[in-house]
Amino acid sequence: MEERTLLASRALARLDLNAREEEIPLHHFWCRVAFQKYEQYNPKPHRHSFFELHLCLTGECVIEAFGKRHTLTPRAFLFIPPQQVHTIHAQSEDFTKFVWGFSVEDPVISVELSKSAAVSHPHRVGDDFLHGIDILLENSTGTAFGSHPFILAELSQLFLLLVRILSPGLPATRFQKNRSTQLSEIQKYILDNLSSKLTVEDIASQFFLSRKQLVRLCADECHMSPHQLKQSLQSQKIRQLLAETDLTLEEISLEAGFADKYAMSKFFTKTEGLPPARYRKSVRS
C-alpha cells in the first residue's frame, strides 16, 4: 500500500494543476504526499508567496510557525498563509503528510483565510477530507481521459472543506452558486437523456466527476443518492408526459428509461400511489 501511494503521489506531483475554476479561482502550485524516510526536508526557516497546507497523515512532526512550535499528529494540520516564516524541527521516521500549495485569486476569500490561519494552532480534518486525498491519489496514475479533471474537481472540493474548517461562515455566501449550478446541470442532463438508460457512471463521467464525487454532491445538495435523484426525475418525466401529451404508456415508458410499460407502471404506482392511467385521468378531468 505504501509503495502504491508513493508512486501515485509522485505522479500527482508531476501534474500541471494550474487551472482557474469558474467560481473558485485557485492557482495550484503542487500537492502530494511527502514521506519522511524517502526525502529530505528543509530545516531552514522559509516562506512562500502562497498558502501552504501541512496535514499529518501518519507519525508526527514539529513545525515552527507564528512564533511557536506546533506538534502535528494524524489528521492535524497547520495552514500557513503567504509570507509566514515556518520551518520543520523534527519528524518521526513514519511521518507522512499531505502538502498542498495554492493561491486564491479572490481577494475577499484570501484575506479571510489569512485571518483564519493567523489563529496559529493546528486544526483537524474529518473522514471526508482524507477520502478526498484518496480520490486524488486514485486518479493521479490513471491514463483514461478525464482523470486530470477529476483531480481538479476534487481539489476544489477539498478547498471548500478547508474553508469550512477555517472559516465556517464563508462557504454558504461565497460558494453556494457553484455547487447548486452544477447540480442543476446534472438534473437537466438526466432529464434530457432518460431514454438512454443512464447509469451513475455515465452521469459522473459526463461532468468529469468520479462516482464518489457525484454521490457526495447529490447528498450535500439534495439529500439523495444519484439513483434516487434519477428516480425522482423519472417520476417527474412520467407525470409531465401523462398530463401534457397523448403518448401511449409504452411510448412514455421508453421516454422515461424503462424497458416496457409494465416496469414503468409498477415504478410509478409505487412512487406516486396510483397507476399511470388513473393519474392521467385525474389530471385531465
Side-chain angles (χ1 to χ4, degrees), residues 22-23 127-128 131-132 134-139 142-154 156-157 160-161 175-285:
E22 181 180 352
E23 296 181 43
D127 290 340
D128 48 1
H131 176 63
D134 288 339
I135 292 176
L136 292 178
L137 295 171
E138 286 173 9
N139 285 283
T143 57
F145 174 76
S147 62
H148 197 173
F150 286 165
I151 289 171
L152 291 175
E154 190 56 38
S156 293
Q157 296 306 314
L160 295 181
L161 291 174
F175 302 116
Q176 188 173 17
K177 180 183 176 183
N178 182 268
R179 287 169 67 77
S180 62
T181 297
Q182 188 175 31
L183 181 66
S184 296
E185 292 172 351
I186 290 171
Q187 289 174 314
K188 184 178 185 304
Y189 175 75
I190 294 173
L191 270 174
D192 290 344
N193 293 277
L194 283 175
S195 61
S196 62
K197 301 178 182 179
L198 291 172
T199 65
V200 174
E201 287 73 18
D202 292 334
I203 300 166
S205 177
Q206 178 67 25
F207 291 89
F208 298 110
L209 298 171
S210 68
R211 181 188 178 96
K212 293 175 183 177
Q213 289 170 326
L214 178 61
V215 168
R216 188 163 63 192
L217 175 65
C218 291
D220 289 347
E221 294 300 312
C222 62
H223 308 292
M224 296 181 184
S225 68
H227 180 65
Q228 290 170 329
L229 176 60
K230 179 185 174 184
Q231 287 187 323
S232 174
L233 294 172
Q234 283 178 306
S235 290
Q236 176 183 325
K237 184 79 168 181
I238 295 168
R239 291 196 306 270
Q240 176 192 354
L241 294 176
L242 288 172
E244 300 176 5
T245 75
D246 293 321
L247 294 176
T248 66
L249 295 186
E250 191 68 46
E251 290 170 330
I252 292 175
S253 68
L254 295 178
E255 287 286 326
F258 291 91
D260 53 51
K261 66 179 182 181
Y262 303 106
M264 185 267 288
S265 295
K266 182 178 179 180
F267 165 81
F268 189 81
T269 301
K270 181 179 180 180
T271 57
E272 300 296 328
L274 72 169
R278 283 179 55 190
Y279 176 86
R280 171 173 269 173
K281 184 177 181 180
S282 70
V283 296
R284 291 191 174 189
S285 60

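Along the sequence shown, residues are numbered consecutively beginning with 1. Side-chain atoms are counted along with the backbone in the values below, which use heavy atoms only and exclude waters and symmetry mates. Everything numeric in this text was worked out from a predicted model, so none of it was measured.
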Can you tell whether the side chains of Glu272 and Arg278 come within less than 4.0 Å, N to carboxylate O? no
Could you give me the CA-CA distance, side-chain angles and deciding distance for Gln157 and Leu161, then say whether side-chain contact (heavy atoms from CB on, under 4.5 Å) is met? CA-CA 6 Å; Gln157 296 306 314; Leu161 291 174; 5.6 Å; no
With sequence neighbours excluded, what pairs up with Lys188 under the salt bridge (Lys or Arg N to Asp or Glu O under 4.0 Å) test? Asp192
Within-4.5 Å side-chain heavy-atom neighbours: Gln187 and Leu229: yes
Min side-chain heavy-atom separation Val215-Ser225 under 4.5 Å: no
N/O donor-acceptor pair under 3.5 Å between Ser253 side chain and Glu250 backbone: yes
Hits for ring pair (Phe, Tyr, Trp, His ring centres under 6.0 Å) against Tyr189, two or more places apart or cross-chain, chain-then-number order -> Phe207
Of the non-hydrogen atoms in Leu247 and Leu241, which two are nearest, and what is the gap between them? CD1-CD2, 4.2 Å
Pair listing, ring-ring contact (aromatic ring centres under 6.0 Å, His included) test, anchored in residues 218-247, at least two apart: none
Can you tell me how far the CG atom of Leu254 sits from the CG atom of Leu194, to the nearest 0.5 Å? 12.0 Å
What's the separation between atom CD1 in Ile203 and atom SG in Cys218, rounded to the nearest 0.5 Å? 7.5 Å
From Lys230, Lys237, Gln234, residue fulfilling side chain to side chain contact (heavy atoms under 4.5 Å, CB included) relative to Ile190: Lys230
In short, ring-ring contact (aromatic ring centres under 6.0 Å, His included) pairs touching residues 232-279 with sequence neighbours left out are Phe258-Phe267, Phe268-Tyr279
Output the distance between atom CD (Gln213) and atom NE2 (His131), rounded to the nearest 0.5 Å. 8.0 Å
I'd like to know whether Arg216 forms a side-chain contact (heavy atoms from CB on, under 4.5 Å) with Glu154, so could you lay out the CA-CA distance, the side-chain angles of the two residues, the decisive distance to 0.1 Å, and finally the verdict. CA-CA 11 Å; Arg216 188 163 63 192; Glu154 190 56 38; 2.7 Å; yes
Could you walk me through whether Thr271 and Gln231 pass side-chain contact (heavy atoms from CB on, under 4.5 Å), step by step? CA-CA 9 Å; Thr271 57; Gln231 287 187 323; 5.9 Å; no
Considering residues at least two apart in sequence or located in another chain, which fulfil the side-chain contact (heavy atoms from CB on, under 4.5 Å) criterion with Thr199? Glu201, Asp202
My understanding is that only residues two or more places apart in sequence, or in another chain, count here; which of them pass side chain to side chain donor-acceptor pair (under 3.5 Å) with Arg280? none
Go through Val200 and Leu214 one step at a time and tell me if the side-chain contact (heavy atoms from CB on, under 4.5 Å) criterion holds. CA-CA 8 Å; Val200 174; Leu214 178 61; 3.9 Å; yes
Spatial distance of atom CG (Asp260) from atom CG (Leu249) [nearest 0.5 Å]: 11.0 Å
Gap separating the CG atom of Leu233 from the CD atom of Gln228, nearest 0.5 angstrom: 12.0 Å
Just how far is it from atom CG of Asp220 to atom CG of Leu183, taken to the nearest 0.5 Å? 10.5 Å
Is there side-chain contact between Ser265 and Pro276, with at least one heavy-atom pair below 4.5 Å? yes
